[in-house]
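Input: a single structure, listed below in structure tokens.
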Amino acid sequence: MLDVREKNYEIDGNNLEGKYKDWQKKLHPDLVHTKSEREKDYAAEQSARVIDAYRTLGDMLARAIYVLKLEGVNIDEEETVSEPELLTEILEIREAVEEAADAQALKQIQSQMEDKLRHWSKSFADAIRCRKLGDAVISVRRMKYYARVKEEIFKRL
Amino acid sequence: MLRFVTKKALGLASAEAPIRPIQILPRLYHERVVEHYNNPRNVGSFDKNDPSVGTGLVGAPACGDVMKLQIKVDEETGRIVDARFKTFGCGSAIASSSVATEWVKGKQMEEVLSIKNTEIAKHLSLPPVKLHCSMLAEDAIKAAVKDYEAKRAKVNGNWDASVRAADA
């Protein structure tokens, strides 16, 4: 629908928004008054799907997970990992979040997490381009952990 | 309630029909989970460089959880004398690891390897969607034992390790 079939992870931000607006012009419920019931229902359903697609594609992590799914890998299947380096790092970061003295300290960690997300998002894109699924999975796992830390910080702010 | 309404609609309800009390919504977490969450046992850390300590560090990337479970072993008897945990995750994950540290205390290392996630889940009445939290705890126990044995093998040399493997 929004050209993800090419599995092109690096979507141009402007292009995506332009396409989103075009689709909504055609499908938005407010713009289909004069159409028949069936057409209205179809438009409402498709409009919701477009919003969903836009949100998924607009979010680095959700997009990466989706692209992996297209490759047949489901990162959301519950499995235990024991990557000592990553887990030790995450443990330390989560502890720092818990012990953070004030909002300032939390925001600092949050911005570190955003940097890491950007870095691993790029690693993911590289891995996908070179068809290195193993590396892609490693990148997404990391992104998932950093995103989780961001969630915790958000709750505390 | 539907029956009452339809009865009324059909003019069949008697004037003295009692109103049923509103049912209390089932709790989202079993009280044992709440108990472990509010009063977690054995939170903390041992020095992971201590030769009598085994550290299990596991994670569930699907939800971004991380669980650290440590055991302190009596080197003479192979009995676990103390345990600590640190878990960052949902209430069920925290409760599962708390239960795990309670259950491993006083047991032999070989014994704790047979602790099953289903037992932990049953003890906490975990819903199916949270079963993986108990699995994480089971994996953490195994990882802690494995770590301790690996440290012992390094210290005592390969000969000792192969003797222990034969005994297991």
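Labels below follow one simple rule: chain letters A, B, ... track the order of the sequence lines, proteins then strands, and each chain is numbered from 1. Please read these numbers as outputs of a predicted model, since none were measured by experiment.
- B/Lys105 NZ: more than 12 foreign heavy atoms inside a 6.0 Å radius.
- For residues 94-119 of chain A, heavy-atom neighbours of chain B at less than 4.5 Å comprise A/Arg94, A/Glu95, A/Glu98, sorted by residue number.
- Here B/Leu57 is the residue among B/Thr87, B/Leu131, B/Leu57 with the most heavy-atom pairs under 4.5 Å with chain A.
- Contacts from residues 88-98 of chain B to chain A, taken as heavy-atom pairs separated by less than 4.5 Å, involve B/Phe88, B/Gly89 in sequence order.
- Nearest heavy atoms, B/Pro61 versus A/Glu79: CD-O, 3.3 Å.
- Each of A/Tyr145 and B/Val58 belongs to its own hydrophobic cluster when Ile, Leu, Val, Met, Phe, Trp and Tyr are linked at side-chain heavy-atom distances under 4.5 angstrom.
- Judged by distance alone, with hydrogens and angles left aside, the side-chain atoms of A/Arg148 form a donor-acceptor pair with the main-chain N or O of B/Cys63 at under 3.5 Å.
- Of all heavy-atom pairs between B/Val66 and A/Ile90, the closest is CG1-CG2, 4.1 Å.
- Under the 4.5 Å side-chain contact rule for hydrophobic residues, B/Val81 and B/Val104 do not share a cluster.
- Shown here is B/Phe46, whose CZ atom has more than 12 heavy atoms of other residues, nucleotides or ligands within 6.0 Å.
- Following chains of ILVMFWY side-chain contacts shorter than 4.5 Å, one can reach B/Ile120 starting from B/Ile80, so the two form part of one hydrophobic cluster.
- Note: the hydrophobic cluster containing B/Val99 does not contain B/Met135 (ILVMFWY, side chain heavy atoms under 4.5 Å, direct or indirect links).
- With hydrogens and angles ignored, the 3.5 Å screen pairs no side-chain donor or acceptor of B/Lys68 with any backbone N or O of A/Leu91.
- Placement of B/Val53 and B/Phe85 in two distinct hydrophobic clusters is found when ILVMFWY residues are connected by side-chain heavy-atom separations under 4.5 Å, directly or transitively.
- Between the NZ atom of B/Lys142 and the OG atom of A/Ser82 there is a distance of 13.0 Å, given to the nearest 0.5 Å.
- Between the CG atom of B/Leu136 and the OG1 atom of A/Thr80 there is a distance of 5.0 Å, given to the nearest 0.5 Å.
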